[in-house]
Amino acid sequence: MTPAPTPPVHSALRGHIVTFRGNPFLMPPADALVEEPDGLVIITDGRITHVGPYSETVAHLPPGTDVADYRGCLISAGFIDTHVHYPQLPMIAAYGEQLLEWLERYTFPTERRFADGEYAATIARTFLHELLRCGTTTAAVYCTVHPQSVDAFFTESTRLGTLMVAGKVLMDRNAPDFLRDTAQRGYDESRALIDRWHGKNRQFYAVTPRFAPTSTPAQLELAGALLAQDETLFMQTHLAENRAEVAWVAELFPDSRSYLDVYDRAGLVRPRSVMGHGIYVDEQDLCRCHASGCALAHCPTSNLFLGSGAFRLFDVMDAKRPVRTGLGTDIGAGTSLSHLQSMNEAYKIAQMGGHRLHPVQAFWLATRGGAEALHLEGRIGTVAAGMDADLCILDPKATPLQALRTQMCDSTADLLFTLMMLGDDRSIRATYAGGTKVYDRANDATA
Ligand SMILES: [Zn+2]
C-alpha cells in the first residue's frame with residue numbers, strides 16, 4: 001500500500017517587509033533596499049511562494065490559511081552568523097586575556113567537557129534556543145575536537161529544522177593532550193561525520209581546522225583532501241585575528257607568503273570557505289579572497305572584547321575586488337549572540353576608521369551578505385519567492401526607550417538604525433525556520 005500524499009502546509013505573515021535587491025556597498029543603499037510597508041509573505045512547505053503588498057498578494061492566499069499579523073513590526077530574513085563556537089557559550093564574558101592566553105586559560109578547559117555527549121547535547125540545545133531568541137536562523141558553527149559534539153549539535157538542529165553549517169575542530173599540535181587528534185584520526189572522524197550529516201535535513205558539514213598554529217602541515221593537507229572529494233563541503237578556520245598569532249604563524253610556516261597563503265597551499269581557499277576575522281591581511285590576500293570566492297567573517301564584538309584589532313570593512317568591500325563578507329558573533333570571545341549588537345559594534349569600528357556604516361549596509365551584512373559568504377544566497381538571506389522561509393520578526397518598540405526613539409523616525413533607514421543601536425534579543429518578536437515558528441517572544445519557548 002502506498003501512503004497517502006501529505007497535503008501541503010501553508011502559512012502567511014503580514015507586516016513591514018525589509019529585504020534587498022543588491023549589495024549596498026556597491027550601489028546606493030536606498031536602491032539596494034526593498035521594502036513593503038504593509039506586506040504579505042505566503043509560505044508553502046517551508047518555502048516562500050509569494051511576497052508583495054498585502055492588498056494584491058492576499059489573492060494568492062490558499063483558502064483557510066491563517067495570517068500571522070505582525071503589523072508594526074519588520075519582517076526580515078533570519079540573521080546569519082558566519083562564525084561562532086557553540087561549546088564556548090558557557091564561558092562567554094571571561095575576563096582579562098587576549099587571544100592566545102584566552103584560549104589556554106578559558107577555552108581549552110571548557111571544550112574538554114564536550115567529550116561527554118550528554119553535556120554536549122545540553123549546551124547545543126541551549127545554544128540553538130539562544131540563537132533563535134536573537135533571530136538568527138543559520139550559523140557556521142565550530143564544535144570541539146570530539147565527534148560527539150558534532151552529533152549533538154546536528155541532532156538538535158535537525159529537530160528544530162534550522163539550516164546549519166558545522167564541523168569537528170581539527171587540532172593535532174599546540175593544544176593540550178585531551179583536545180588533540182592526529183592528522184589521520186581527524187581525517188577519519190571528519191569523513192564519518194560528513195557521511196552521516198552533510199546535505200541531510202538542512203545540515204551541512206564544514207571541515208574545521210581551528211587555525212594554522214594548532215594543525216601540522218600534514219593535517220591541513222588532509223583537510224584539503226577532504227574538501228577535494230566534494231565541492232559542496234564548507235571549510236571554516238581563523239585567519240589573522242591577533243598580532244601575536246600572526247607572528248607565530250610566520251614562524252611556524254616560514255615558506256608561506258602570508259597567513260592566508262598557509263591555507264591556500266593546502267587547498268583550503270575556495271568557495272564555501274569562511275575565514276574568521278581577517279584583520280591583518282594585505283592587498284594580495286584580499287585579491288585572492290575575491291578571486292577564489294572564499295569569505296571573511298567580521299566579528300566586531302569579539303575583536304573589541306579581545307582587543308584584537310579593527311576589521312577594515314570598507315577596504316574589504318572595495319568595489320574593485322569586493323570580498324564576500326558576513327557578520328560573526330564569535331561566541332565565546334564575542335559578547336552577544338544578537339546580530340543587532342554585532343551591527344552596533346561594527347558601526348563603531350567603522351566610525352573609528354573614518355567610515356559610516358549605513359544601516360542598510362549593516363542589515364545586508366547580517367542577512368544577504370552572510371548568505372553570500374556561505375554561497376547559500378539561492379536559499380537564504382532574502383525575503384523572496386523561492387527562498388527558504390527562514391525569517392525573523394523585529395519589534396522596533398521592544399523597550400520604552402526604543403518606543404520613544406521610534407517616534408522620531410522619519411525613514412525606514414532610521415528605523416533600522418535605532419534597531420541596530422538599541423536592539424538586542426528583546427527586539428525579536430518571533431523567529432521562523434523552514435516556515436515553522438520556532439520562537440515566540442510571547443511565550444519564550446522553542447517548538
Ligand atoms: Zn572564533
**Request:** Decide yes or no on side-chain contact (heavy atoms from CB on, under 4.5 Å) for E377 and R324, but give the supporting numbers first.
**Result:** CA-CA 11 Å; E377 65 270 25; R324 289 170 188 257; 3.7 Å; yes

**Asked** R191 and Q229: side-chain contact (heavy atoms from CB on, under 4.5 Å), yes or no, with the steps?
**Response** CA-CA 10 Å; R191 185 66 253 171; Q229 292 163 13; 2.5 Å; yes

**Prompt:** Mind checking whether F153 and L128 have side chains closer than 4.5 Å, heavy atoms only?
**Reply:** yes

**Pairwise distance CD1(I92) to NE2(H85) - rounded to 0.5 angstrom** = 12.0 Å

**Item:** Nearest-0.5 Å distance that lies between atom CG in D151 and atom CG in L193
**Value:** 5.5 Å

**Asked** Relative to the ring of F211, is the ring of H238 parallel (under 30°), tilted (30 to 60°) or perpendicular (over 60°)?
**Response** perpendicular

**Asked** Got a donor-acceptor contact below 3.5 angstrom from the T431 side chain to the V438 backbone?
**Response** no

**Request:** Output yes when a side-chain donor or acceptor of N242 lies under 3.5 Å from a complementary backbone atom of E245, and no otherwise.
**Result:** yes

**Request:** Examine Y259 together with Y280 and report whether their ring centres are nearer than 6.0 Å.
**Result:** no

**Message:** Tell me if the centroids of the rings in Y95 and Y106 come within less than 6.0 Å of each other.
**Reply:** no

**Asked** Counting distance only, does the side-chain N/O of K168 pair as donor-acceptor with the main-chain N or O of V145 below 3.5 Å?
**Response** yes

**Request:** Ignoring hydrogens and angles, tell me if any N or O in the side chain of S338 forms a donor-acceptor pair with the backbone of S336 under 3.5 Å.
**Result:** no

**Request:** Find the distance between CD1 (I279) and CD1 (I349) and round it off to the nearest 0.5 Å.
**Result:** 7.5 Å

**Request:** Find the distance between OH (Y432) and CD1 (I48) and round it off to the nearest 0.5 Å.
**Result:** 12.0 Å

**Asked** Any side-chain heavy-atom pair from H358 and L416 closer than 4.5 angstrom?
**Response** no

**Prompt:** So, does T237 use its side chain to make a donor-acceptor pair with the main chain of P209 at under 3.5 Å?
**Reply:** yes

**Message:** Main chain of V323, side chain of T325: is a donor-acceptor contact present, judged purely on distance under 3.5 Å?
**Reply:** yes

**Prompt:** Do V169 and T214 have side-chain heavy atoms sitting under 4.5 Å apart?
**Reply:** no

**Prompt:** Does a donor on one side chain sit under 3.5 Å from an acceptor on the other, for E345 and T301?
**Reply:** no

**Message:** Using the ring centroid of each side chain, check whether Y86 and F114 are separated by less than 6.0 Å.
**Reply:** yes

**Request:** Answer with yes or no after comparing the ring centroid distance for Y70 and H16 against a 6.0 Å cut-off, counting only values under it.
**Result:** no

Identify each donor-acceptor pair in which a side-chain atom of residues 382-396 lies under 3.5 Å from a protein atom, sequence neighbours left out, and give them as a table.
from, atom 1, to, atom 2, distance (Å)
D388, OD2, R202, NH2, 2.8
D388, OD2, R379, NE, 3.1
D388, OD2, R379, NH2, 3.0
D390, OD1, R202, NH1, 3.2
D390, OD1, R202, NH2, 3.2
D390, OD1, G434, N, 2.7
D390, OD2, R202, NH2, 3.0
D395, OD1, K397, N, 2.8
D395, OD2, R441, NH1, 3.1
D395, OD2, R441, NH2, 2.9

**Asked** Does CZ in R113 sit with more than 12 non-hydrogen atoms of other residues, nucleotides or ligands closer than 6.0 Å?
**Response** no

**Message:** Over 60° means perpendicular and under 30° means parallel, so tell me whether F154 and W197 are parallel, tilted or perpendicular.
**Reply:** tilted

**Message:** Looking at L327, is its backbone amide N or carbonyl O close enough to the side chain of T82 to form a donor-acceptor pair, meaning the two atoms are under 3.5 Å apart?
**Reply:** yes

**Prompt:** Side chains of H339 and S342: is there a donor and an acceptor less than 3.5 Å apart?
**Reply:** yes

**Complete:** When every non-hydrogen atom of L286 is compared with those of V281, the smallest separation belongs to CD2-CG2, 3.8 Å

**Prompt:** Considering the options D66, T44, T65, which one meets the side-chain hydrogen bond (donor to acceptor under 3.5 Å, both in side chains) requirement together with H10?
**Reply:** T44

**Prompt:** Are V150 and R196 side-chain neighbours, meaning at least one heavy-atom pair lies under 4.5 Å?
**Reply:** no

**Message:** Applying side-chain contact (heavy atoms from CB on, under 4.5 Å) to L357 and Q351, what does each step give before you reach the verdict?
**Reply:** CA-CA 8 Å; L357 178 62; Q351 280 280 43; over 6 Å; no

**Atom pair OG1 (T49) and NE2 (H60), whose distance is rounded to the nearest 0.5 Å** = 9.0 Å

**Prompt:** Within a reach of under 6.0 Å around CD of E118, are more than 12 heavy atoms found that belong to other residues, nucleotides or ligands?
**Reply:** no

**Asked** Is the backbone N or O of G199 less than 3.5 Å from a side-chain atom of Y205, with the two atoms forming a donor-acceptor pair by type?
**Response** no

**Message:** Closer than 4.0 angstrom, basic N to acidic O: yes or no for R133 and D424?
**Reply:** no

**Asked** So is R368 actually on top of F20's ring, under 6.0 Å and inside 45° of the axis?
**Response** no

**Prompt:** Between F204 and H198, how do the two ring planes meet: parallel, tilted or perpendicular, split at 30° and 60°?
**Reply:** perpendicular

**Request:** Please round to the nearest 0.5 Å and tell me the distance separating atom CZ of R71 and atom CZ of R14.
**Result:** 4.0 Å

**Pairing residues for R21 by the side-chain hydrogen bond (donor to acceptor under 3.5 Å, both in side chains) criterion, not counting sequence neighbours** = none

**Asked** Under 4.5 Å between any side-chain heavy atoms of Q402 and S427, yes or no?
**Response** yes

**Item:** N/O donor-acceptor pair under 3.5 Å between Y263 side chain and A212 backbone
**Value:** yes

**Message:** Counting C-beta onward and ignoring hydrogens, is there a side-chain heavy-atom pair between L239 and H277 closer than 4.5 Å?
**Reply:** no

**Asked** Would a 4.5 Å heavy-atom cut-off, applied to side chains only, mark Y439 and D444 as touching?
**Response** yes

**Prompt:** For the residue pair L233 and R272, what are the closest heavy atoms and their distance?
**Reply:** O-CB, 3.6 Å

**Request:** Give the minimum heavy-atom separation between L268 and G224, together with the two atoms involved.
**Result:** CD2-N, 3.5 Å

**Prompt:** Tell me, do S302 and E241 make a side-chain contact under 4.5 Å, heavy atoms counted?
**Reply:** yes

**Listed partners of T107 passing side chain to side chain contact (heavy atoms under 4.5 Å, CB included), at least two apart** = Q88, M91, W102, L103, E111, R210

**Request:** Could you tell me whether a side-chain N or O of T57 sits under 3.5 Å from a main-chain N or O of P53, the two making a donor and an acceptor?
**Result:** yes

**Request:** Inspect the contact between D414 and R405 and indicate whether a charged nitrogen and a carboxylate oxygen are less than 4.0 angstrom apart.
**Result:** yes

**Aromatic ring pairing F79/F363, orientation class (parallel under 30°, perpendicular over 60°, tilted between)** = tilted

**Prompt:** Which pair of heavy atoms, one from I380 and one from A371, lies closest together, and at what distance?
**Reply:** O-CB, 3.2 Å

